[in-house]
Amino acid sequence: MTIKFPSRLIFSAFSLALLAGCGDKTTDTSENKQDSTVAGRTPVAMTAPKLEDTFKAEIDALSAHPQVKEAFQFIEDYDEQTIKTLIALTEIEAPPYKEKNRSDKYLSLLKEAGADSVWQDEVWNAFGLVKGTKRGKVLAFCAHLDTVFPEGTDTHVQQSGDTLKAPGISDDTRGLAILITIMKAIRKAGIQPENDILFIGNVGEEGQGDLRGAKYLFGPNGPKIDAFISVDGSGHESVTNQALGSHRYRITFEGPGGHSWGAFGLGNPHHALGRAITYFTDEADKFTRSGPKTNYNVGVISGGTSVNSIPFESIMEVDMRSESPESLVKVDTILQRAVRKALADQNKLKRHGPDLTVKIEMIGDRPSGEHPESMAIVQRGIAATQFVGGRPTLRRGSTDSNIPISKGIPAITIGGGGMGRNAHSLDEYFINKDGVLGIKRALLIVLAEVGIDDEMRIESR
Ligand SMILES: [Zn+2]
């Protein structure tokens, strides 16, 4: 993917690499042509997933429910306003670790949409609770506040015809906007859920954030969550039920450094790094030739000051991903072993001075895992997709759902409807083509998860 940035923005090789790689999304451009739920996810089930009769019946019954029909009508009537919300939110910058302004605005939208209570946590995840009558189970319904774009990026939305162009407009401001519309639809139609729906605008989904918002939600200070749906990007056909895990490291070999002639014989960090890459890639190549799909990539190398200086440091950044948690651990072990061996071997060649040392920092850790096609939340995703006329596909991706999926908590990621393209680039755009289908699909899945309390019909607000 080509990423163009305004010339006034200056990037380090590192931040650029993170931005470019921040897909954390598997790359398959063919997928972008059909459904860009989460920019560039690899379709894993090309045959249609199996829908069980009970879940089809459940979604059919829900969609025939008079209040749900009212909610559908509201979603259609409100569509212009949904787009206005999308534009307003897109124009509030939300760079990694700097989501507070957007979080504050989102909190006010959640309140205005009719949440029973709203609050923020200490990482600036924004919450709006719609209470259920039974209050047994809590469904977290999320979209991420952050974008991959650094501070100073022009987020002004340019409209030409039906195309809305701005960085972050689809990934994931579209998700944020439809959550607001769905809360309003529930309120306007007087739908009383049986269980709680916790609407969340969460921080830190993208590369640099390393899912920190979702990690906080499922950490010791997070709320009770029994099921999780994240809306990420556009489209109304894919259901991500499989989490692609990744480990990322920054590895720094260090030594005293000196003149290449005068200090010759000192340990050379670049030489150690070169060895580490050779040892690592030789073994990793053998390991990844078979078994679950696993990759490895040295994406950045840096260090050194001049051609006639022994460098004092040599740095590489490494990304590894796998469909299988075991394979991810294994390829990680291969890296660690290669680094230790390179250090020891290079130190044997040193003729004087102190030993080289190495620092290994983990800069990314996303767990993997998957939920079976038969799990209720996955079935509801398939059924609702079919109901709105889409062709459901199950996918593997790296999204906020990685965290609950890895913990065995029911979770899926879906698109927010419409058509988004060029995610993570300044040329990102969104077209509101059949956008309401994605909103209706999300509403159906949410209501199937929490249930409607028919005894407690409430008057429209
Ligand atoms: Zn996203």
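Whatever order the structure lists ligands and atoms in, that order sets their numbers, starting from 1. Because the structure is predicted, anything quoted here is derived from the model rather than measured. Note: hydrogens, waters and symmetry copies are ignored here, and every other heavy atom, side chains too, is used.
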Exercise. Return the orientation label for the Y296 and F280 ring planes: parallel under 30°, perpendicular over 60°, tilted otherwise.
Key: perpendicular

Quiz item: Is there an N/O/S atom in D172 that lies less than 2.8 Å from the Zn ion (ligand 1)?
Solution: no

Quiz item: At the Zn ion (ligand 1), what angle lies between atom NE2 of H144 and atom OD1 of D171, rounded to 10 degrees?
Solution: 100°

Quiz item: F74 ring centre to R187 NZ or CZ under 6.0 Å, with the angle to the axis within 45°?
Solution: no

Self-check item: K98 bridged to E93 by N-O distance under 4.0 Å
Solution: no

Quiz item: In D232, which N, O or S atom comes closest to the Zn ion (ligand 1)?
Solution: OD1

Exercise. Could you point out which residue of K131, R135, K224, K137 forms a salt bridge (Lys or Arg N to Asp or Glu O under 4.0 Å) with D196?
Key: R135

Quiz prompt | E205 backbone or side-chain N/O/S under 2.8 Å from the Zn ion (ligand 1) | solution = no

